[in-house]
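Everything below concerns the one structure shown next.
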Amino acid sequence: MEWKNFDKLEAYRKLESLKNTVKLQEVMTGEKGADRVRAYQVPMAGGLTYSFAAKEVDDDIIATLQELADEAQLTEKYKALYSGEMINTGEKRLVLHQLTRGQLGDQVIADGVNKGEFYEAQQKKAAEFAIKVHSGQIVNEAGEAFTTAVQIGIGGSDLGPRALYLSLENWAKAQGALKMEAKFISNVDPDDASAVLSQIDVAHSIFVLVSKSGTTLETLTNEAFVKNALKEAGLDPSKHMVAVTSETSPLAGNPDYMEAFYMDDYIGGRYSSTSAVGGVLLSLAFGPEVFARINRGAAAEDALAKNPDVMKNPAMMDALIGVYERNFLGYGATAVLPYSQALSRFPAHLQQLDMESNGKRVNRFGEPVDYATGPIIFGEPGTNGQHSFYQLLHQGTDVVPLQFIGFRNNQMNNDVEIQGSTSQQKLNANVAAQIMAFACGKDDSDKNKEFRGGRPSSIIVGEQLTPEALGALLAHFENKVMFQGFVWNLNSFDQEGVQLGKVLAKKVLAKDTDGALDAYSRMLGIF
């Protein structure tokens, strides 16, 4: 297996010669466009389909993307990852988040431990804890049931679990599966914790403190904030808090917590939602079976990522088209546009997943690269986004590729017909219309009303946003980011870029400042 820079591959030169050969305004019109929609789609797990008909690709480009996948050994590198090879070169670590949802290859033994069995044991422990809370075996000091679970964490300890909870909250209500309400405290801004604490009854709340190291400044600050609120209410914090951490952290085996659930250094924060990081809270909120269904959907999508055929591997196809857009068409951003209010925080999770993973200017060996890497990711649910930033997407000077997500049915099975169509039909009519408007545009003698078109998009479509579909969505984007990192020869699994600011913040708090840092500190009233 070879790790080469992207611009050293033969497929790189072939793709360079093919750029700008597809005009969406031509290929997406009439019956030709209908044929493309039928042909350019790849089945996903969870009842989903990835459609790339409105992308600037054709059969020749797809064939060359297949050559790129083969030459870059993408599925071989994926196999090395899930088989337990040291893929995280920056931190000299394995990368095992897929193992939290099922075995993809041979058993992985690390540090003398069967890691698959370790992750499974932690999920079983979380499930048993949740069942005891739901059944009334674990109660508060007054013998009363806990009704709310609050996650305290930041970054990957917040964004993914929060996105997954919000994605299924209404579904669970409709199914009668919402066991406990969930809240989240992440920002060190005291207004964040204060706002959550003002909305809940702390006497009936369990707080899930998530920190792998047990030393995350923001998280420990918010923990102290919560403990103070519990004490002021005359409550014992140790009867209301559990920890999700590593076995070597100061939180492990600590009597200040009712229980501790463990993760390890082989699962990065932004990839941790299917571990105990998401599992404890989601099992409390929805019950362990719903969390298991999310993981089954993710596992099924992970299995599809093993296929070397790009037409049968949706994450790899998505990744390769994204590389083509970034490196040959020069597009610097991607908008994630879920036409589902339940996915309101999913773009925020994908921002961290993608930009923290592939926002790198050196390759996996620490050498500068001479090509563009990860794009800027942003997004907002439709149709809200249409009334916000779509103006730039339609008529701005930059072309921004679009990633739509849509479902044929809503989650709560509640709708109304107005003016001959339901709300869901109106929502989905907007999706179809936007795809075509972006692709084909509109001529007009008034240039202010002209739409040039040629704005590429893909869409992931499903029947309904269920736990299985959500798990498949999560794994699809994780695997897309992974494959793009392989193509660009990056280490997608460390995040040194977040460290410098932390170091300087500690200097400020220690009053070890001079120059502009001292001036800004005084401007902000720190001292």
Main-chain N/O of [Y] paired to [X] side chain as donor or acceptor, under 3.5 Å:
| X | Y | value |
| --- | --- | --- |
| Glu450 | Lys442 | no |
| Asn222 | Ile152 | no |
| Ser198 | Ala195 | yes |
| Gln403 | Leu337 | no |
| Gln66 | Pro308 | yes |
| Ser272 | Gly269 | yes |
| Thr245 | Ser211 | yes |
| Asn327 | Ala372 | yes |
| Gln351 | Ile377 | yes |
| Thr466 | Ala469 | yes |

Please report the shortest heavy-atom distance between [X] and [Y], naming the atom on each side.
| X | Y | result |
| --- | --- | --- |
| Ala315 | Asn479 | CB-CB, 3.7 Å |
| Met180 | Ala149 | CE-N, 4.0 Å |
| Leu164 | Ser273 | CD1-CB, 3.7 Å |
| Asn313 | Ala305 | ND2-O, 2.9 Å |
| Asn170 | Gln411 | CB-OE1, 4.0 Å |
| Asn307 | Thr75 | O-CG2, 3.6 Å |

Student check: side-chain heavy atoms of [X] and [Y] closer than 4.5 Å:
| X | Y | answer |
| --- | --- | --- |
| Tyr324 | Leu329 | yes |
| Gln352 | Met355 | no |
| Val416 | Thr422 | no |
| Asp302 | Tyr82 | no |
| Pro456 | Val399 | yes |
| Thr334 | Val400 | no |
| Phe146 | His240 | yes |
| Met258 | Phe129 | yes |

Between the side chains of [X] and [Y], is a donor N or O closer than 3.5 angstrom to an acceptor N or O?
| X | Y | result |
| --- | --- | --- |
| Asn187 | Glu218 | no |
| Ser492 | Asn358 | yes |
| Tyr271 | Thr100 | no |
| Asn430 | Gln434 | no |
| Asp58 | Tyr40 | no |
| Gln137 | Ser135 | yes |
| His476 | Asp318 | yes |
| Tyr165 | Glu169 | yes |
| Lys55 | Ser458 | no |

For the aromatic rings, using the six-membered ring if either is Trp, is the centroid distance between [X] and [Y] under 6.0 Å?
| X | Y | value |
| --- | --- | --- |
| Phe451 | Phe438 | no |
| Tyr266 | His97 | no |
| Tyr78 | Phe486 | no |
| Phe407 | Tyr339 | no |

Around atom [atom1] of [X], are there more than 12 heavy atoms of other residues, nucleotides or ligands at under 6.0 Å?
| X | atom1 | answer |
| --- | --- | --- |
| Lys312 | NZ | no |
| Glu120 | CD | no |
| Lys79 | NZ | no |
| Ile376 | CD1 | no |

Could you measure the distance from the [atom1] atom of [X] to the [atom2] atom of [Y]? Nearest 0.5 Å is fine.
| X | Y | atom1 | atom2 | answer |
| --- | --- | --- | --- | --- |
| Phe291 | Leu168 | CZ | CG | 11.5 Å |
| Lys77 | Ile87 | NZ | CD1 | 9.0 Å |
| Lys183 | Ser205 | NZ | OG | 10.0 Å |
| Arg455 | Leu24 | CZ | CG | 11.0 Å |
| Thr373 | Arg326 | OG1 | CZ | 6.5 Å |
| Glu301 | Phe477 | CD | CZ | 10.0 Å |

Which label fits His349 and Phe346: parallel for a plane angle under 30°, tilted from 30 to 60°, or perpendicular past 60°?
tilted
With the threshold set at 4.0 Å, does a side-chain nitrogen-carboxylate oxygen contact exist between [X] and [Y]?
| X | Y | result |
| --- | --- | --- |
| Asp35 | Lys32 | no |
| Arg38 | Glu31 | yes |
| Arg36 | Glu26 | no |
| Lys480 | Glu478 | no |
| Glu259 | Lys125 | yes |

Check step by step if ring pair (Phe, Tyr, Trp, His ring centres under 6.0 Å) holds for Tyr262 and Phe118.
CA-CA 9 Å; Tyr262 298 118; Phe118 170 76; 7.4 Å; no
Suppose we screen for salt bridge (Lys or Arg N to Asp or Glu O under 4.0 Å). Which residues come up paired with Asp158, at least two apart in sequence or across chains?
Arg162
Could you note down all residue pairs passing salt bridge (Lys or Arg N to Asp or Glu O under 4.0 Å) where residues 391-412 supplies at least one of them, sequence neighbours left out?
Arg408-Glu463
Pairs where residues 337-358 contributes a residue and the test salt bridge (Lys or Arg N to Asp or Glu O under 4.0 Å) is met, not counting sequence neighbours:
Arg270-Glu356
Testing Val208, Leu166, Val210, Val277 one by one against Pro161 for a side-chain contact (heavy atoms from CB on, under 4.5 Å), which residue passes?
Val277
Report the C-alpha separation of Glu56 and Tyr331 in whole Å, then their side-chain angles, then the decisive distance to 0.1 Å, and conclude whether the side chain to side chain donor-acceptor pair (under 3.5 Å) test is met.
CA-CA 12 Å; Glu56 295 168 288; Tyr331 303 151; 2.9 Å; yes
